[in-house]
Peer 1: 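Once you've had a glance at the structure underneath, I'll fire off some questions.
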Amino acid sequence: MIALADCNNFYASCERVFNPALENKPIVVLSNNDGCIIARSNEAKSLGIKMGEPVFKARKIIEGNNVNVFSTNFALYGDMSNRVMSMLADVAPEIEIYSIDEAFIDFTGINNPSGFAGELKNDIRKSTGIPVSIGIGPTKTLAKIANHVAKKKTDSGIFCLDSPVKIDQILKEISVSDIWGIGSRYSSMLCGQNIRTAHDFIKLDEQWVLEKMTIVGLKTLQELKEHKHFALDTNPTWKKNICTSRSFGVKTKKLKDLKEAITSHSVRCAEKLRMQNACARYISVLIKTDPFNDKDRYYYGYRSVSFNSPTNDTIRIVQAANDLLKCIYKQGLTYKKAGVIVGDIVPQDRVQIDLFENLENDSEINSLHKAVDRINRSMGRDKVQILGQGLISKWGLKREKLSPCYTTRWEDILKIRC
DNA sequence: TCTGGGGTCCTAGGACCC
DNA sequence: TCTGGGGTCCTAGGACCC
């Protein structure tokens, strides 16, 4: 069985831990520039304040009910998250930290999952002050649904989908839009076909689902039928893209303001790359006008470029970003948002190997693959990469794109210590 | 000049998640 | 007047290679 532990109203709960006078009082937490509501306590939810709602629309409710309003404090939330996650990691053999406030936990071999989860929940509440709900099911997707039920329909905050009868019954009560992996587009498409509950969804023809919703939709359907597709990812690899973007507090027409924003976002991206000891192979820059302002024609400028060689160098990244900005900036428009994305990230010290130079027969190639797998598993990341034929055939042209640790001698990788 | 299958890389766009 | 930020995965088409 797999459990999903999810902190209740996480940001709001964090604020409450450090200010007990807020107990039973409505709380909301706001996004950057205090624009949107991104977290609500139960009391705020029952006042009718919606998730993601802009503050000005909820102004009346907030003022009329003395709702406590906070700007985000990510240093605090990150710290509280670490405390909760380390308690989970202490009691379980394997956990996957899925987001700042959620973790999947391997419950294999636990005799009384509900009882165990109940104790865990109480311990976390006692030690950290954070309330959590725990849902348990045979797959990740069902654990997500169990968690949803635990939050909405139980007082204990624990729910376990431990029999086919129970699963069948619950799926009839869950609407398609509450299934993990089915968002607004797919759920309105499904409702158009009169598919309204999770139970309706699993009755669908699998080929039809594959065609309409890609392989991801099909996997979701099968997970609801207890076929495991999504394994616990206990050893998450590095980020594949890193993005830094912000809306402007005050909108701007000036290239100078955009330059400043893009420069500081690029500096931040380079820092994040160095923090994970990695380099990026391409960079993108985006700027946007205000989509809600119909006086301006909506404009979304986006342009990418590949680096000659992977880099995490601040100066190169800032320069590339500013060059891209020049290509997409249009005079006369009023901009609301700017961002920088660095992507196709490779480890700084990755060893890349071309095996076609030296290895001829299949058994040698097989044993090389096995050795590489072993090294990567023990490092917990892709330390060694065997390159595809496409890159190699042009290696003379693309030499700069390869890692500094590129080799054609497969014996080299055997020197790497695990 | 026309022909073919199988493969990788690159990019953009669309869906989803918290 | 005022509408977040940071990610993942999949698909599809074109360029290019053998």
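Every chain is numbered from 1 and lettered A, B, ... according to where its sequence line falls, protein lines coming before strand lines. Because the structure is predicted, anything quoted here is derived from the model rather than measured.
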Peer 1: Under the 5.5 Å and 30° test, is A/Trp180 stacked on the base of B/dC17?
Peer 2: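 Not stacked by the 5.5 Å and 30° rule.
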Peer 1: Between protein and nucleic acid, restricted to nucleotides 10-13 of chain C and to nitrogen or oxygen atoms under 3.5 Å apart, what atom pairs and distances do you find?
Peer 2:
none

Peer 1: Counting Watson-Crick and G-U wobble pairs with both distances under 3.5 Å, what is the dot-bracket string for DNA chain C, 5' to 3', using [ ] for crossing pairs and | for pairs to another strand?
Peer 2: ....||||||||||||||
Peer 1: For A/Thr244, report the nucleic acid contact type (base, sugar-phosphate, nothing); a contact means any heavy atom under 4.0 Å.
Peer 2: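 Sugar-phosphate only.
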Peer 1: Just checking A/Asp101: base, sugar-phosphate only, or nothing, at a heavy-atom cut-off of under 4.0 Å?
Peer 2: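 A/Asp101: backbone/sugar contact only, no base atoms under 4.0 Å.
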Peer 1: Taking only the side-chain heavy atoms of A/Asn32 (C-beta and beyond), determine which of C/dT8, B/dC16, C/dG5 contains the nearest atom.
Peer 2: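 Looking only at side-chain atoms, A/Asn32 lies closest to C/dG5.
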Peer 1: Which part of the nucleic acid does A/Tyr282 contact within heavy-atom distance under 4.0 Å: base, sugar-phosphate only, or nothing?
Peer 2: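 Here A/Tyr282 touches no strand at all.
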Peer 1: Which of these nucleotides, B/dA15, B/dC18, C/dG7, is closest to any side-chain atom of A/Glu102?
Peer 2: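 From the listed options, B/dC18 comes nearest.
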Peer 1: Give a yes/no on whether any side-chain N or O of A/Lys251 is located under 4.0 angstrom from OP1 or OP2 of C/dT1.
Peer 2: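 Looking at the OP1 and OP2 atoms of C/dT1, neither is under 4.0 Å from any side-chain N or O of A/Lys251.
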Peer 1: Within the 4.0 Å heavy-atom criterion, would you say A/Ile37 contacts the bases, only the backbone, or no part of the nucleic acid?
Peer 2: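 Answer is nothing: A/Ile37 stays at 4.0 Å or more from every strand.
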Peer 1: Search all heavy atoms of A/Ile49 against all heavy atoms of A/Arg40 and return the closest pair with its distance.
Peer 2: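 In terms of heavy atoms, the two residues are closest at O-NH1, 2.8 Å.
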Peer 1: Between C/dG4, B/dC18, C/dG5, spot the one nearest the side chain of A/Ser245, thanks.
Peer 2: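 Between C/dG4, B/dC18, C/dG5, the one nearest the side chain of A/Ser245 would be C/dG5.
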Peer 1: Just to confirm, is there a sub-4.0 Å distance from OP1 or OP2 of C/dT1 to any side-chain nitrogen or oxygen of A/Lys57?
Peer 2: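 Negative; the distance criterion is not met.
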Peer 1: Scan A/Ile100 against the nucleic acid and name what it touches under 4.0 Å (heavy atoms): base, sugar-phosphate only, or nothing.
Peer 2: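 No contact.
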Peer 1: For A/Arg59, which contact category applies under a 4.0 Å heavy-atom criterion: base, sugar-phosphate, or nothing?
Peer 2: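 The residue A/Arg59 makes no contact with any strand.
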Peer 1: So A/Ile341, base contact, sugar-phosphate only, or nothing? Heavy-atom distance under 4.0 Å.
Peer 2: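 The residue A/Ile341 makes no contact with any strand.
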Peer 1: Would you indicate what A/Lys212 reaches in the nucleic acid, counting non-hydrogen atoms under 4.0 angstrom: base, sugar-phosphate, or nothing?
Peer 2: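 Here A/Lys212 touches no strand at all.
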Peer 1: How far, in whole Å, is C/dC16 from B/dG4 if one measures between their C1' atoms?
Peer 2: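 Each nucleotide's C1' atom is 16 Å from the other's.
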Peer 1: If you look at every strand shown and take non-hydrogen atoms under 4.0 Å, does A/Lys50 touch a base, only sugar-phosphate, or nothing?
Peer 2: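 No contact.
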